[in-house]
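Worksheet: one structure, shown below.
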Amino acid sequence: MDKEKIIVTSALPYANGPIHLGHLSGAYLPADIYVRYKRLIGSNIIFICGSDEHGVPITITADKEGITPKEVIDRFHNINKQAFEQFGMSFDIYSRTSLPIHHETSKEFFLNFYNQGILNEKKSLQFYDEKAKMFLPDRYVEGTCPNCGNEQARSDECENCGALYDPADLKNPKSKITGQTPVLKETSHYFFPLGKYQSRLEEYVAQMSKKYGWKDNVLQYCRGWFKDGLQDRAITRDLDWGVQVPLDDAQGKVLYVWFEAVLGYISATKELSRIKGDENLWKKYWQDTNTKYVAFIGKDNIVFHTIIFPSMLMAWNDANTDKYVLPQNVPANEFLNFEGKKFSKSRNWGIDVIDFLKLFPADPLRYCLAANLPENRDTDFYWKEFQSRNNGELADILGNFVNRTFTFVHKHFDGKVPEKGELKPIDQEILNLLSGYPKKVSDLFEKYKIKDGVAEIMNLARAGNKYFNDSEPWKSVKSDKEQCATTINLSLQIIYTLAEMFYPVIPFSAEKLFKMLNAAPTDWFKSGEANLKAGHVLNKAEILFTKIEDSVIEKQMSQLGSTSETPQETEKFEEITIDDFLKVQLRTAEIVSAEKVAKSDKLLKLKVNLGFEQRQIIAGIGKSFQPEDLVGKKVIMVANLKPAKLMGLESQGMILAVEGSDGKLSLLQVDGSIKPGTRAR
RNA sequence: GGCGGGGUAGCUCAGUAGGUUAGAGCAAUGGAAUCAUAAUCCAUGUGUCGGGGGUUCGAAUCCCUCCCCCGCUACCA
């Protein structure tokens with residue numbers, strides 16, 4: 001078989017937080033299984049990943065914690081790198097986009113596009129916050145719409161009336177960061193003309209998907225983007241954290257993260273070349289039309305890998321003789337939820353990889369996630385399912401089959417592979433099954449049906465148990481030793497096949513299995529044959545999987561959602577003076593009427609009695625309360641909040657509520673004897 | 001509200017070029033076996049395939065409509 005040359009990438013995780021189980025299910029575990037399988041069939045493959053370390057959210061985290069962005073990325077790069085290692089991710093390199101090689105690569109792409117003249121430079125007046133010393137992105141500015149008077153208009157458009165205008169016309173602009181009045185300064189940005197590539201992209205997607213069978217969910221996303229029409233996208237920003245725009249007149253500008261992050265795959269491969277001492281290694285993969293490039297991602301990343309990255313590579317290829325390969329397949333997964341709800345750090349819902357691996361070994365997690373990958377739709381991780389997969393499948397089906405065979409061989413055959421004798425139909429049947437297995441599983445993995453493949457492998461362990469049962473070696477050992485030897489010989493061959501088939505899924509346990517067998521993996525497609533010679537000496541058996549007790553699982557479940565236990569230790573509060581506090585007028589108010597705001601999911605229009613006057617409040621609490629239940633309640637409100645318009649309705653204050661771990665709101669209330677309008681202090 | 005994804009057995013999930021009695025694993029019930037981590041093996045499902053309508057000889061699968069859930073987004077003052 002020809003050695004396929006393959007690049008596999010997993011989405012670069014953002015170095016602004018630890019990765020959780022959902023991330024693993026989306027872009028990492030399926031990729032690792034695929035890569036390990038491909039290595040076993042002899043493909044020439046490299047597996048690339050790294051941290052994505054630029055962008056605004058990282059600077060915000062840094063500001064909040066009073067540290068530098070560098071400290072933020074160092075922390076999460078190391079945490080995530082370690083988590084991946086413990087989980088058994090077999091990346092050839094786990095790089096990072098803060099490395100000089102990445103900055104150089106990104107600049108090279110930018111300059112190439114710039115010199116080709118395909119980038120559009122657009123000048124515009126943007127608000128500049130002199131106190132924060134930064135240009136303000138549109139969503140950080142608000143003011144009064146020159147058209148309708150809406151006070152929450154953005155700098156260049158009003159969402160209330162839909163008007164578009166020049167930022168200079170916005171009245172009373174305010175910076176949302178400092179509250180200062182920003183000034184207008186001229187700035188210019190470069191735009192990548194995505195629209196120009198639309199027809200080529202559509203053709204590319206159509207061809208690749210037809211030829212290589214792209215997943216349905218991926219095509220649906222692409223269709224949506226194509227239908228809306230691709231727009232020019234700005235590829236620069238006024239910011240100081242990121243890759244500097246390599247032009248003399250572009251001081252204080254960096255490349256927008258979406259532009260450079262995908263290039264991280266290439267720069268990481270360059271880094272790998274450097275480490276391996278083969279300068280041109282990366283070119284042999286990225287710039288060879290025979291290379292098959294597969295990008296594993298979660299669904300949130302589809303547009304970047306099927307549209308943006310390919311269009312950038314097209315633009316490069318148009319002007320260079322060294323041409324990059326485009327993704328041949330983008331097997332994006334949906335999302336993994338946790339116990340029925342999506343992962344949420346703030347609600348303490350879910351578990352980080354690094355924490356999980358402190359409690360349990362990697363393999364049970366790998367198996368459990370692999371058996372329920374969100375390949376077709378969102379799926380859930382349940383603690384109970386994890387326990388039952390570990391105990392009922394890994395320990396009872398696979399572990400026990402191995403264990404019963406090994407104890408038998410040590411007890412009756414001196415720890416050596418016994419010679420097989422004449423084959424009965426039952427033996428021939430299992431041999432046939434065995435020899436067809438590598439192809440059966442391979443066919444599924446090649447189509448990225450990892451979940452089905454994994455289920456199929458476990459079925460082989462089931463078949464092993466059945467074969468052992470039906471053959472009854474514990475009887476034949478007394479009546480027909482030759483027949484017994486055949487049974488045990490074949491059972492050991494099954495274990496060998498299992499070790500190989502399971503290696504991509506549960507590598508740590510598979511290695512133990514090979515050690516017990518005193519053997520090494522072979523070519524994948526030969527692993528269904530008789531690989532153990534009679535007389536081959538086996539090692540002692542060890543327990544592969546220990547069972548997980550109910551109490552251990554229950555403890556984990558009981559800790560879920562209990563945010564009160566860890567009252568956000570990491571959050572630091574800015575101190576304020578008593579005078580600052582007294583600026584806020586908290587007063588009791590009685591709700592006199594409540595009704596839903598038309599065409600709104602969660603807004604309620606409330607009339608409240610403040611004692612000295614009535615107010616109208618538009619509150620976003622409609623998902624937690626029925627309007628009729630609110631009437632008569634005495635709540636706490638901010639009485640001197642500047643009025644604002646929501647859905648065209650004026651809101652003259654804000655009532656206070658807290659959000660529970662389930663997302664339901666609870667109102668701050670006082671008892672009935674307190675008069676409306678009483679100030680809280 | 002807009003866009004996208006879903007609603008199949010008690011639970012977690014498969015299943016669309018429309019076609020014989022709709023599947024798997026788990027759980028449940030009964031049985032067999034005792035080599036083995038009390039582990040295994042066999043048998044057992046009256047599931048309105050979210051509701052209603054339509055196309056068709058035939059629909060979980062195609063069309064229309066309604067209901068519910070999830071995500072993103074617009075409104076969380």
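Because the structure is a prediction, the values reported are computed rather than measured.
Nucleic acid contact for A:A619: sugar-phosphate only, since backbone atoms but no base atoms lie under 4.0 Å from a heavy atom of the residue. Among the atoms of the strands shown, none is found under 4.0 Å from any heavy atom of A:Q652. Counting any heavy atom pair closer than 4.0 Å across all strands shown, A:D380 reaches sugar-phosphate atoms only and no base atom. As judged by a 4.0 angstrom heavy-atom cut-off over every strand, A:I618 is placed among residues touching the sugar-phosphate backbone only. In this structure, A:K299 reaches neither bases nor backbone, as no heavy-atom distance under 4.0 Å exists between it and the strands shown. Within 4.0 Å (heavy atoms only), A:R389 reaches no atom of the nucleic acid at all. Residue-level contact check: A:K384 touches neither bases nor backbone, having no heavy atom under 4.0 Å from any strand. Counting non-hydrogen atoms under 4.0 angstrom, A:N376 reaches the backbone sugars and phosphates but no base. Base engagement by A:D216 is indicated by at least one non-hydrogen atom pair under 4.0 Å involving a base atom. Nucleic acid contact for A:F468: base, since at least one base atom lies under 4.0 Å from a heavy atom of the residue. Counting any heavy atom pair closer than 4.0 Å across all strands shown, A:T379 reaches sugar-phosphate atoms only and no base atom. A:I543 comes within 4.0 angstrom of a nucleotide base, judged by non-hydrogen atoms across all strands. A:Y382 comes within 4.0 angstrom of sugar-phosphate atoms only, judged by non-hydrogen atoms across all strands, and of no base.
A distance of about 27 Å separates the P atoms of B:C26 and B:U21, rounded to the whole Å. For B:C68 and B:A77, the C1' atoms lie 31 Å apart once the distance is rounded to whole Å. Spacing of P atoms, B:A27 relative to B:C66, comes out at 42 Å, to the nearest Å. Look at the C1' atom in both B:G23 and B:U16: the space between them is 15 Å, to the nearest Å. Comparing B:U34 with B:C41, their C1' atoms are spaced 12 Å from each other, to the whole Å. Atom P of B:U20 sits at a distance of 10 Å from the matching atom of B:A60, rounded to the whole Å. Separation of the C1' atoms belonging to B:G50 and B:A39 is 41 Å when rounded to the nearest angstrom. When the P atom is compared between B:U61 and B:U48, the two are found 15 Å apart, to the nearest whole Å.
Side-chain contact annotation: A:D550 with A:Q387, donor-acceptor N/O pair under 3.5 Å present. A donor-acceptor contact under 3.5 angstrom links the side chains of A:N459 and A:R462, judged on distance only. For the residue pair A:T486/A:D427, the side-chain donor-acceptor check at 3.5 Å is not satisfied. For the residue pair A:E429 and A:Y467, no side-chain donor N or O sits within less than 3.5 Å of a side-chain acceptor on the partner. Using a 3.5 Å distance cut-off with no hydrogens or angles, the side chains of A:E334 and A:N217 do pair a donor with an acceptor.
Nucleotide B:C76 is matched to nothing when pairs are restricted to Watson-Crick or G-U wobble geometry with both distances under 3.5 angstrom. Of all nucleotides present, none satisfies the Watson-Crick or G-U wobble test against B:U55 with each distance under 3.5 Å. Taking a pair to require two hydrogen-bonding distances under 3.5 Å in either a Watson-Crick or a G-U wobble arrangement, B:G4 pairs with B:C70. A 3.5 Å limit on both hydrogen-bonding distances identifies no Watson-Crick or G-U partner for B:A22. Nucleotide B:G30 is matched to B:C42 when pairs are restricted to Watson-Crick or G-U wobble geometry with both distances under 3.5 angstrom.
A close approach under 4.0 Å does not occur between any side-chain nitrogen or oxygen of A:K341 and OP1 or OP2 of B:C70. Taking only side-chain nitrogens and oxygens, A:K547 never comes nearer than 4.0 Å to OP1 or OP2 of B:A38.
In this structure, A:L398 places its CG atom 12 Å from P of B:U40, rounding to the nearest Å. Atom CD1 in A:I302 sits roughly 19 Å away from atom P in B:C3 (whole-Å rounding). In this entry the distance linking CG of A:D378 with P of B:C72 reads 10 Å, nearest Å. Counting to the nearest Å, the C1' atom of B:C35 and the CD1 atom of A:I488 are 8 Å from each other. The distance between atom CD of A:Q387 and atom C1' of B:A27, rounded to the nearest whole Å, is 13 Å. Atom P of nucleotide B:A39 and atom CZ of A:R462 are separated by 15 Å, given to the nearest angstrom. Remark: C1' of B:U16 and CG of A:L219 are 15 Å apart, rounded to the nearest angstrom. B:C13 atom P lies 14 Å from atom CD of A:E393, rounded to whole Å.
Both the sub-6.0 Å distance and the 45° axial angle are satisfied by A:K440 relative to the ring of A:Y437. A cation-pi arrangement is absent between A:K466 and A:F401 under the rule of less than 6.0 angstrom and at most 45 degrees off the ring axis.
When each of A:L641 and A:K342 is assigned the nucleotide of RNA chain B with its nearest heavy atom, A:K342 is the one assigned upstream, toward the 5' end. For the pair A:K411 and A:F335, both in contact range of RNA chain B, the more 5′-proximal nearest nucleotide belongs to A:K411.
With ring centers used as reference points, A:Y34 lies 6.0 Å or more from A:F445.
Comparing B:A39, B:C35, B:C42 by their closest approach to the side chain of A:R404 singles out B:C35. Closest to the A:I397 side chain, of the nucleotides B:A77, B:C42, B:U40, is B:U40. Comparing atom distances between the A:Y221 side chain and each of B:G4, B:C26, B:C41 picks out B:G4 as nearest. For A:T407, the side-chain atoms get nearest to B:A36 when compared with the rest of B:U40, B:A36, B:C13.
One N or O donor and one acceptor, one from the side chain of A:R377 and one from the base of B:U8, sit under 3.5 Å apart. The base of B:U40 is paired with the side chain of A:N469 by a donor and an acceptor separated by under 3.5 Å.
Aromatic stacking is marked for A:W474 over B:C35, as both cut-offs hold: 5.5 Å for the centres and 30° for the planes.
Shown are A:D396, A:N400, A:N403, A:L398; of these, the side-chain contact (heavy atoms from CB on, under 4.5 Å) with A:F545 is made only by A:L398.
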